[in-house]
Protein chains: 2
Amino acid sequence: MTETRPPAAAADLGVGLLGCGTVGSAVVRLLQTNGEDIRRRTGIGLRLARVAAAHPAKPREVRLEAGMLTPDAAAVVADDRVDVVVEVMGGIEPARTLLLDAIRRGKSVVTANKQLLAQHGPELFTEAKRAGVDLRLEASVGGGLPVIQPLRESLAANRIQEVVGILNGTTNYILTKMAEERWEYARALAEAQRQGFAEADPAADVEGHDAAAKLAILATITFGTPVRAGDVYREGIRRISAQDIQFAEELGYVVKLLAITRESDGRVEARVHPAFLARAHPLAAIGNELNAVFVRGDAVGEVMFVGRGAGGAPTASAVVADLIDIAWNRRAGAHGRVGFVAMSTRPLRPMEETASPFYLLMQVADRPGVFARIATIFGEEHVSIASVVQKSRGETADIVMVTHTTDEQQMRRVLSRLEGLDVVRTVRNVIRVVDGKA
Amino acid sequence: MTETRPPAAAADLGVGLLGCGTVGSAVVRLLQTNGEDIRRRTGIGLRLARVAAAHPAKPREVRLEAGMLTPDAAAVVADDRVDVVVEVMGGIEPARTLLLDAIRRGKSVVTANKQLLAQHGPELFTEAKRAGVDLRLEASVGGGLPVIQPLRESLAANRIQEVVGILNGTTNYILTKMAEERWEYARALAEAQRQGFAEADPAADVEGHDAAAKLAILATITFGTPVRAGDVYREGIRRISAQDIQFAEELGYVVKLLAITRESDGRVEARVHPAFLARAHPLAAIGNELNAVFVRGDAVGEVMFVGRGAGGAPTASAVVADLIDIAWNRRAGAHGRVGFVAMSTRPLRPMEETASPFYLLMQVADRPGVFARIATIFGEEHVSIASVVQKSRGETADIVMVTHTTDEQQMRRVLSRLEGLDVVRTVRNVIRVVDGKA
C-alpha cells in the first residue's frame, strides 16, 4: 500500500504540534476524525508529523503513533517533516523562542497563545513578514468563533469605529448567574468553579487579565498600532454586587464585563471594565459562558459574532482552519497573502482622556439637605445628572445616580469630593455606562 | 502629477461595475471614501475603471468622472482596463451572459446576485474553475454580514451539521412588530412598507422566495451539492396571525421565518418556513430587520453571525472585501486559492421525509367528547402530543396542540383526518417547531 500512495499526499502539510494538553489533544482528535473529510472538501491534506509534550509517557485520551511524541519541542520545530508549527503550549517562554525559531527556518506558524501575542505580537509579525511566512492566530481570541479573519478580511473595506467584546466566558457566566439567581458575587464564582468554568485561582478571569490580553490582540489587528496587554486599562468584576445588578435592571441595563477598543482623532483607546450596558444593545442578550464580538464599521454598520469562546474542540476548530488556510496559500505559492496590517505606532488615548456616562451607588446619611449637598458638587464640577434613585434604609439611604456623558477626569474630581463629604458614608461602586450610541 | 504616479498604482485592480442602482452607487461611494485608507491598511489599490448603467444620464448621488458611465455592459466586461467585473444589476439575464463572458476572458468576478447564483451558481463556479479565476459572492447572502467566508474558510475544519438563518429582514421586521405591538399581519406589513423595509409588491419577501434563494446558496457552499432555489421547500408568513404569535409566547416560543439546511445520512434538506422557535435559541433574540446565521459544527459547536442583511452600504462592504481578496490573490499569483467546494450531486431529502414537532391551532365545536375524538386521531396515527391548550369562545373553542417530533407524512395524515371531522370547524394554522436540539 505504501507504494501506491496517491500523489496528492506528497503535497500534504506536515504539522508539528507544540503542546498536547486540552487544546493540543483536541487538534490531534480533529485531524484524526475530520482529516479525510477536510481533504475531500478543500483538497487539503494535513498530516500530523511530530508532537511535543512535557510528559510524553502520560496517559492521554488521544492515540498517537509510536515515536510521534517527544519532550523536545525544539526538535519538533527543527524536524524536516514539519512544514508548519502549531503552538498550543501557552506562556511566554519557551513559546516565543520556539516560534521565532520556526519562523526563521521559513516555517509558517499557528498560535493560540494570547499572552504571548498580547506581549510580543508585533515582534512576531515583523519576523514573519521578514521571513515571508504566515503567522495565524484565530484561536487566540474567542476560541472557535471567527473574529480575526472577519476583522482582517471580511470587513477590510470598512473604517472600523469600534470593537466591543464579551471576551471572557467565566466572568460572563458569573454575571449572568448573579442577574438570574440574584446571587452575590462569591456564590456565583463558587458555582462557576463547580461547573468547571472558573479556575481554583480565578484572578486571570475575574480581574480582567484574560480579556485584556485578547483585547490587545484585537486592537492591534483592527487599528494597526501595537497595543500590549499592559496598555489596556483594566478593572475586574470583584466589586460588582447583587445590588448593582438590581439597580441596573431597574434602570434598563445589564452588567457585562466589556472589552472596548475605539479609534477617534487618530488615537486608539483600549479598556476592559464592567459596564452598565443598555438592554437594547445586541451584546446584552449574550449570556452564560458565551463570548461575542460586536463591530461597528462605517459601511457595514453593526455586526456581531457569537459563540463559545473556549474549550478544546472549538479552539481546535480555529487552529485547523488556520492550517487549511496556510496550506491553500502554500499550494498557490502565496505565503503572507494577507499581510499583517500596516503597523504604525500611534499614541494610545489614556483612560483619563476618555468619556462616558457613569453609574454611582453611594450610601449617605438619610437627613434633609444631604441630596442638595451632593447635587451641588456635581453642578460645580459640570457633571450633568441623567437620573436619580433614592432608597431609604432607616438611618442611611442608598442613592443611585446615572450621569450624562462625562470626562473621566471630571468624574474623578466628583468622586474625590464626594468621599470627603461627611454625609457620604461610602461610595459603594462606580461603573461606566455603555449605551451603544456610536 | 501623472508622471510621478507611485509605482504601487501600476498594480491597482481595475474594477468594472455592472449596475449603478442602490448597491452600485454604494460601491462607488465606498471606493471613493475609503479607497486611500484601504490602500494604507491592506496595500491594495482599487481603481474604478468603467461603470455600466441603464440610464447613464440620470442624476445620481455619486459623482463619476466624465466618460466613466456607459449603457453598454458588454463593453465594460471587454474593456482592457477592467481586471475584475462586479455585477450588481440583478436578474438572470443579461447578468449570466455578462459574467460568463468575463470569466471566459480570464477576469475574476464578484456578484451580489442571489437569484442568479441560486439558479445558475454551479454552472458559474464550474466555468470560473475552468478559467482559473475567482468567483466571489459574499454580498449575495446577508448583505455586509460575513457568512460565505466563515462557512468556506473559518469553519472549514468542521463537519457542518446545520445552518439556520433569518435571511430576510422584511419578514423579520413584520413578525417582530406583530409580536411587540400585537398587530395583525396586514397592519405590520403596511408599517414595513411605510418604513421602506417592504416593497409595494411584497411577494418576494413574504412568500419566502428571497430567503429560499439565499438558502440555496448557503446549502450549496456548505454541503458541496448543487441546491437551487426551486429545490428549497418554501412557505411564507402570510397565514401567521396575531393569535399564533400569542400562543407562541404562552408556550415559550417566538415565531420566525427560518431558512434551514441540514445534512443527515448523506442527504441534504433545505427549507424555508415559519417556525415556533424556542425562546432560548440564540436566533430568538434577533429582532426587527436584522439578519442572522446560526451554524452548528462538530468541533466549533454553535456560532452565530448577526447584522443588517440589506442596504447599499453594508452590501458594498461585502463587495469591496471580495475585491480586496481577489487583489491579494492576484498579487500573490494565486487565482482560485480557495477553490469552490468539491461538487458532488447528492439526492436532496424531500420535505415528506423530514420530521419535527408541530404546533396546530384549530377551531372546534365546544361540546363534550370533541377533544376525545381529536385525540383518538392523533393516537391512531402514532403522533404523540406534548402540550394542549383549550380556550372556550362560547359555541366554539380554540385548541392548540404541540406534538413531539413527528414525521411530516404522519402529520399530513392527521391533518387530513382532522379536516374531515364534523366537529372541527377549521384548522387555522400548522407551524413547525424548532427547539434548537441537534
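Contact record, V300(A) with L145(B): CG2-N, 4.5 Å, taken as the closest heavy-atom pair. The two residues D37(A) and R159(B) make their nearest non-hydrogen contact at OD2-CG, 3.4 Å. Taking both residues in full, the closest heavy atoms of L155(B) and P146(A) are given as CD2-CG, 4.2 Å, listed atom of the first, atom of the second, then distance. Across all non-hydrogen atoms, the minimal contact from L30(B) to A299(A) is CD1-CB, 3.8 Å.
For chain B, the option among G43(A), S154(A), G144(A) with the highest count of heavy-atom pairs below 4.5 Å is S154(A). Of the listed residues (A157(A), P150(A), A292(A), P282(A)), the one with the most heavy-atom contacts under 4.5 Å to chain B is A157(A).
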Show me the donor-acceptor pairs, under 3.5 Å and distance only, between side chains in residues 304-320 of chain B and residues at least two apart or in other chains.
residue: R308(B); atom: NH1; partner: E289(B); partner atom: OE2; Å: 2.3
residue: T315(B); atom: OG1; partner: G311(B); partner atom: O; Å: 2.7
residue: S317(B); atom: OG; partner: N158(A); partner atom: ND2; Å: 2.8

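One distance of note links CD of E153(A) with CG of D325(B); it measures 5.5 Å at 0.5 Å rounding. The CZ atom of R152(B) sits 12.0 Å away from the CZ atom of R41(A) when rounded to the nearest 0.5 Å.
Contacts between A156(B) and chain A at a heavy-atom distance below 4.5 Å involve backbone atoms as well as side-chain atoms.
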